[in-house]
Q: 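Pasting a structure here, questions to come.
Chain letters run A, B, ... following the sequence lines, proteins first, then strands; residues in each count from 1. Because the structure is predicted, anything quoted here is derived from the model rather than measured.
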There are 2 protein chains.
Amino acid sequence: MLLTLAEKVHRFTELKSAIGDISQRVLTQTLRQLERDGLVHRCVYPTVPPKVEYRLTPLGQSLLNPLNGMIQWALYHHETIKAARDTYDRGQLAPQVMNHSDPLTYGERPQARRRDVIG
Amino acid sequence: MLLTLAEKVHRFTELKSAIGDISQRVLTQTLRQLERDGLVHRCVYPTVPPKVEYRLTPLGQSLLNPLNGMIQWALYHHETIKAARDTYDRGQLAPQVMNHSDPLTYGERPQARRRDVIG
DNA sequence: CGGAATCCGAGCAGATACTG
DNA sequence: CAGTATCTGCTCGGATTCCG
């Protein structure tokens, strides 16, 4: 949302289609919160049909710097994190269906969380 | 959580009391997610009583930089944001209790969102 | 000590319908 | 166009209980 408003001023519907996967309800709520916090400025033109513009305030723009730091980090480490998740998930779930009423029959390990145990 | 682990390695209960207002359930969930993403390393000592240590991985430490950027921003602008919220809220709710079955009797404005309207 | 399992209520978010 | 209002499913999180 903030990044979309960072590139240019947007109208409501314009903002919705730019973000894509967001409901109109959540879009309104989020905009209201950002406006309440003073990060976004809302400007209403009483025309027919109505026109409402949303733009970042100076405070909102000042958030772009630390925000971009987070985004850069996420982009840079995204693949690493996905790999870590794959590794983790592979260690958690059993290869086949486990039958606990007939234990140790299918060669499953008694306890799953065996990683990183010292001793 | 990450900041707490940034200062030193923590055990489970130690981590809980350091953070303070967090349930044991959410603490576990959060730690599992961070472990899954490869940000936190979990080390179990099979002693009696059991001992589990949590520490940041290099990946987790690399997140501290952009994270601190956000935190610094929040600390610096916290008062400004609180003030913006007060101003916003004061414009939203009516001074006294509103009686809609007897409209416009108590001098309330017909529509509340009158701010920033051009025209 | 370090959890897992269960129950349950509050709040979030999607879908839909309506409006000035 | 730019919302508001309402209903509803679902997830989140707290509290509690139990365990090796």
Q: Can you measure H10(B) atom NE2 to dC1(C) atom P for me and round it to whole angstrom units?
A: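 Distance check: H10(B) NE2 to dC1(C) P gives 15 Å.
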Q: With a cut-off of less than 4.0 Å, is there a side-chain N or O of R42(A) near OP1 or OP2 of dG3(D)?
A: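 So the side chain of R42(A) is within the cut-off, an N or O lying under 4.0 Å from OP1 or OP2 of dG3(D).
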Q: Would you mind telling me which of dA2(D), dG2(C), dT16(D) lies closest to the side-chain atoms of T13(A)?
A: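 Minimum distance to the T13(A) side chain belongs to dA2(D).
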Q: Salt bridge or not between K8(B) and E14(B)? Use side-chain N to carboxylate O under 4.0 Å.
A: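 A salt bridge links K8(B) with E14(B).
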Q: For Y54(A) and dC1(D), is the shortest distance between a side-chain N/O and OP1 or OP2 below 4.0 Å?
A: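 It does not, given that no N or O in the side chain of Y54(A) lies less than 4.0 Å from OP1 or OP2 of dC1(D).
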Q: Of all the choices, dA4(C), dT6(C), dG2(C), which nucleotide is nearest to the side chain of R25(B) once you look at every atom?
A: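 The listed nucleotide nearest to R25(B)'s side chain is dT6(C).
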Q: Please give, in whole Å, the distance from dA15(D) P to K16(B) NZ?
A: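 Between P of dA15(D) and NZ of K16(B): 9 Å.
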Q: Tell me: CD1 of I22(B) to C1' of dG3(C), nearest whole Å?
A: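 It works out to 14 Å between those atoms.
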Q: How many whole angstroms separate atom CD of E14(A) from atom C1' of dG3(D)?
A: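 Between C1' of dG3(D) and CD of E14(A): 16 Å.
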Q: Are the side chains of L39(B) and L56(B) in contact, using a 4.5 Å heavy-atom criterion?
A: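 No, too far: nothing below the 4.5 Å cut-off.
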Q: S23(A) side chain: which of dG2(C), dG14(C), dA2(D) is closest?
A: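 Of the options given, the side chain of S23(A) lies nearest dG14(C).
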Q: Measure the distance from CZ on F12(A) to C1' on dT19(C) and round it to the nearest whole Å.
A: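 About 14 Å, once rounded to whole Å.
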Q: Nearest to the Q24(A) side chain among dG20(C), dA13(C), dT16(C), which nucleotide is it?
A: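 Among the listed nucleotides, the one closest to the side chain of Q24(A) is dT16(C).
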Q: Take atom OH of Y45(B) and atom P of dC1(C), then tell me their distance rounded to the nearest Å.
A: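 After rounding, the gap between these two atoms is 17 Å.
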Q: Quick check for you: among dT4(D), dG14(D), dC1(C), whose closest atom lies nearest to any side-chain atom of V26(B)?
A: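 Of all the options, the side chain of V26(B) is nearest to dG14(D).
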Q: To the nearest Å, give me how far apart NZ (K51(B)) and C1' (dG20(D)) are.
A: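 So the two atoms are 19 Å apart, to the nearest Å.
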Q: Can you confirm whether L63(B) sits close enough to W73(A) that some side-chain heavy atom of one is under 4.5 Å from a side-chain heavy atom of the other?
A: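 Counting from C-beta outward, L63(B) and W73(A) do come under 4.5 Å.
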Q: To the nearest 10 degrees, what angle separates the axes at the start and end of the helix from dC1(C)-dG20(D) to dG20(C)-dC1(D), five pairs each?
A: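 Comparing the first five pairs with the last five, the axes sit 50° apart.
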Q: Within a strict 4.5 Å, meaning less than it, do heavy atoms of the V9(A) and Y54(A) side chains meet?
A: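 SC-SC contact between V9(A) and Y54(A) ruled out.
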Q: Which value, rounded to the nearest 0.5 Å, describes the distance between H10(B) atom NE2 and E53(B) atom CD?
A: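 It is 11.0 Å, given to the nearest 0.5 Å.
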Q: Which nucleotide wins on minimum distance to the side chain of V52(B), given the candidates dG3(D), dA4(C), dG2(C)?
A: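 The listed nucleotide nearest to V52(B)'s side chain is dG2(C).
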Q: Can you check the E53(A) CD to dA2(D) P distance for me, whole Å?
A: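 That distance rounds to 10 Å.
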Q: Check whether I71(A) and M1(A) end up in the same hydrophobic cluster, where Ile, Leu, Val, Met, Phe, Trp and Tyr are linked by side-chain heavy atoms less than 4.5 Å apart.
A: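 Yes, one cluster joins them.
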Q: Same cluster for L75(B) and M70(B) if Ile/Leu/Val/Met/Phe/Trp/Tyr side chains link at under 4.5 Å?
A: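 Yes, because L75(B) and M70(B) connect within a single hydrophobic cluster, where side-chain heavy atoms sit under 4.5 Å apart.
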